[in-house]
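First comes the structure, then the notes that go with it.
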Amino acid sequence: VNERQCHFARPDSTLSEVIETFDVESSGQIELAASEANYALPFAKITKGKLLYLETTGDLTVKLDGEATGHKLGAPASGTKAKLFLRSEFTATPLLTNNSASVVATMSFFIAGDA
């Protein structure tokens, strides 16, 4: 393995700061019980989500817009949190499932979008 080989880089001319505004947001901290399935994050006054950020101490599955399978957010190393940052568009509240049958998942979330 050549440690000098670069697989991802941004040229110096790349835009390094983006300022974007959203109409509304929903955020908070929750705990998902062991094996708790399809918990709907509070969508508040959001009609179209555009940004989703999650931090969790556990192993979760996140479903967007009625997905059947969803996307796994892997269990973090001890003392850290797994993180998900998604900039997209979704019209239904994200659903979360705690994949652990014995451990509570503590998490923080932030959703921003259009009213």
Side-chain angles (χ1 to χ4, degrees):
V1 175
N2 182 351
E3 66 274 358
R4 296 175 194 249
Q5 190 175 29
C6 183
H7 296 282
F8 176 80
R10 291 184 178 167
D12 292 337
S13 62
T14 299
L15 179 66
S16 61
E17 184 176 334
V18 174
I19 298 174
E20 186 171 15
T21 59
F22 301 100
D23 296 335
V24 289
E25 63 91 15
S26 177
S27 61
Q29 294 181 331
I30 59 170
E31 286 187 348
L32 293 179
S35 299
E36 185 170 350
N38 294 325
Y39 175 87
L41 286 176
F43 221 40
K45 296 181 179 181
I46 299 169
T47 58
K48 182 188 289 183
K50 293 190 172 183
L51 186 140
L52 174 63
Y53 180 75
L54 302 173
E55 282 188 0
T56 180
T57 60
D59 190 9
L60 302 178
T61 297
V62 181
K63 296 178 190 173
L64 296 172
D65 283 339
E67 291 177 310
T69 305
H71 309 275
K72 289 188 178 185
L73 184 54
S78 178
T80 65
K81 294 183 178 181
K83 297 173 176 72
L84 170 75
F85 179 86
L86 176 70
R87 175 60 178 95
S88 186
E89 291 186 357
F90 46 98
T91 55
T93 184
L95 301 177
L96 304 178
T97 296
N98 183 350
N99 296 331
S100 173
S102 60
V103 178
V104 171
T106 302
M107 60 164 305
S108 300
F109 72 93
F110 176 79
I111 305 170
D114 295 339

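This one's a predicted model, so the numbers in the text were calculated from it and none came from an experiment. Worth knowing before you read on, the calculation uses all heavy atoms, side chains too, and leaves out hydrogens, waters and symmetry mates. Residue numbers run from 1 in the order of the sequence given.
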Let's go through Glu20 and Lys50 carefully: what are the C-alpha distance in whole Å and the side-chain angles of both, what is the deciding distance for salt bridge (Lys or Arg N to Asp or Glu O under 4.0 Å) to 0.1 Å, and is it a yes or a no? CA-CA 11 Å; Glu20 186 171 15; Lys50 293 190 172 183; 6.0 Å; no
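Taking the side-chain contact (heavy atoms from CB on, under 4.5 Å) definition, one finds that Lys45 meets it with Val24, sequence neighbours left out.
Screening Asn38, Thr56, Leu54 for a side-chain contact (heavy atoms from CB on, under 4.5 Å) with Leu96, the sole residue that qualifies is Leu54.
In this structure, Ser100 and Asp59 have side chains that are not in contact, with every pair of non-hydrogen atoms separated by 4.5 Å or more. Within the 4.5 Å cutoff, the side chain of Leu52 has no heavy atoms near those of the Phe110 side chain. Contact of the Phe43 side chain with the Pro94 side chain is registered, since non-hydrogen atoms from C-beta on lie closer than 4.5 Å. The closest side-chain heavy-atom distance from Phe90 to Ile111 is below 4.5 Å. Inter-residue side-chain proximity for Ile30 and Leu41 is flagged as met; some heavy-atom pair is nearer than 4.5 Å. Between Ile46 and Ser26 the shortest side-chain heavy-atom distance falls below 4.5 Å.
In terms of modelled atom types and a separation under 3.5 Å, the side chain of Thr61 and the main chain of Thr97 share no donor-acceptor contact. The closest donor-acceptor contact from the side chain of Thr47 to the backbone of Ala115 lies under 3.5 Å. Judged by distance alone, the side chain of Asn98 and the main-chain N or O of Leu60 form no donor-acceptor pair under 3.5 Å.
Residue Glu89 holds its CD atom at 12.5 Å from CG of Leu64, rounded to the nearest 0.5 Å. For the atom pair NZ of Lys81 and CD of Glu55, the computed distance is 5.0 Å after rounding to the nearest 0.5 Å.
In the hydrophobic clustering of ILVMFWY residues, with side-chain heavy atoms under 4.5 Å counting as a link, Phe109 and Phe85 come out apart. Placement of Tyr39 and Leu84 within a single hydrophobic cluster is found when ILVMFWY residues are connected by side-chain heavy-atom separations under 4.5 Å, directly or transitively. Leu95 and Leu32 fall into different hydrophobic clusters, where Ile, Leu, Val, Met, Phe, Trp and Tyr are joined by side-chain heavy atoms under 4.5 Å apart, directly or via other members. In this structure, Leu86 is a member of the same hydrophobic cluster as Val62, with clusters built from ILVMFWY side-chain heavy atoms closer than 4.5 Å.
Here the closest heavy-atom approach between residue Ala92 and residue Asp65 is recorded as N-OD1, 2.8 Å. Here the closest non-hydrogen pair linking Ala105 and Gly58 is CB-CA, 4.2 Å.
Between the side chains of Asn99 and Lys72, not a single donor N or O lies within less than 3.5 Å of an accepting N or O.
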